[in-house]
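In each ligand, atom 1 is the first atom listed, and ligand 1 is the first ligand listed.
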Amino acid sequence: MSDTYDDFTMSYMDSCDRTPLLMLHAFPLDSSMWELQFQDMQDVTRLIAPDLRGHGVSNATEPPYSMTQLVDDCAGLLDNLGIHVPVIVCGLSMGGYLAFEFYRRYPERVAGLILASTRASADSEAGKKGRDEMITAVAEQGVKQIADAMLPRLLSPQTLAEDDELTEYVHDIMLHTSPKGVIGALHAMKNRPDSTPMLANIDVPTLVIHGENDQLIPVSEAKAMANTIPNAELVILPNAAHLPNLEQPEPFNDAIMDFMGITHGNDHHHI
Ligand code: MLT
């Protein structure tokens with residue numbers, strides 16, 4: 001790499017010189033949903049996974065939030081980290097809605113997109129009504145009943161029946177999301193624009209990843225996106241529902257590393 005200051009160009013090596021990955025989490029989760037991506041990929045590239053406003057241990061400011069505000073928070077984080085090179089934005093579900101918004105606002109900061117378990121369209125009228133009902137429910141009863149109701153929709157029946165550790169892991173993340181964060185994000189998702197018109201104009205390499213058994217967002221949405229985005233690859237993961245990064249971490253991570261041109265598998269720690 002090299003950096004130019006006035007009349008002098010300094011060349012240097014940097015162990016973080018791969019394109020960084022900005023990892024945007026789903027609703028109502030936080031950055032710890034990327035634990036299995038960090039375990040596998042932190043040695044091969046730089047991963048930056050914020051807790052969005054009101055989620056994880058980031059502050060919960062007063063709702064409502066907007067998609068614009070949430071991506072501006074992320075751009076501010078990159079600025080604070082001194083990351084001015086374009087990054088790959090990897091967003092899962094709500095994180096994917098944010099990836100579209102980030103690309104709309106900061107196209108020059110995006111080297112590639114990874115759209116996981118997400119859709120381009122806006123909420124339908126019925127979907128918006130459902131958001132309002134959830135907002136009322138959280139305001140009145142807190143987060144637990146949303147967490148309980150969402151859990152069986154996020155994971156496959158097999159995981160729910162056989163993998164208590166993963167099931168509890170996901171449930172616990174949701175239980176730790178603040179009511180303000182949940183309400184704020186519901187407003188942001190309800191009011192998000194339709195990203196379908198921009199699909200044909202996306203001019204960065206794009207990877208679309210989707211669990212074959214996703215009940216929240218059908219796999220047909222992923223196929224339609226991948227067909228419309230000019231330079232898109234589609235990876236459909238069997239035996240995975242809405243969180244393929246946790247249910248099928250190896251093929252999920254392999255798809256990302258292939259997309260980034262990183263050699264991996266048994267040989268990736270060899271010299
Ligand atoms: C998510 O997984 O981020 C959300 O369930 C997406 C949504 O509610 O639209």
Handout entry: ILVMFWY network linking Ile48 to Val57, side-chain heavy atoms under 4.5 angstrom
Key = no
Completion exercise
In chain-and-number order, ligand 1 lies under 4.0 Å from a heavy atom of each of Ala26, Phe27, Ser93, Met94, Tyr97, Arg131, Met150, Met189, Leu216, His242
Handout entry: Value rounded to 0.5 Å, distance of CG in Leu36 from CZ in Phe38
Key = 11.5 Å
Problem - Polar side chain donor-acceptor pair, Asn239 to Glu212, under 3.5 angstrom - result: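 The answer is no; no qualifying pair exists.
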Practice task
Salt-bridge test for Lys129 and Glu133: reply yes if a basic N is under 4.0 Å from a carboxylate O, no otherwise.
Solution key: yes
Problem - NE2 (His187) with more than 12 external heavy atoms under 6.0 Å - result: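 Enclosed.
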Exercise for the section: Take atom CD of Gln158 as the centre, draw a 6.0 Å sphere, and report whether it contains more than 12 heavy atoms from other residues, nucleotides or ligands. Expected result: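 For Gln158, atom CD is not crowded (no more than 12 foreign heavy atoms under 6.0 Å).
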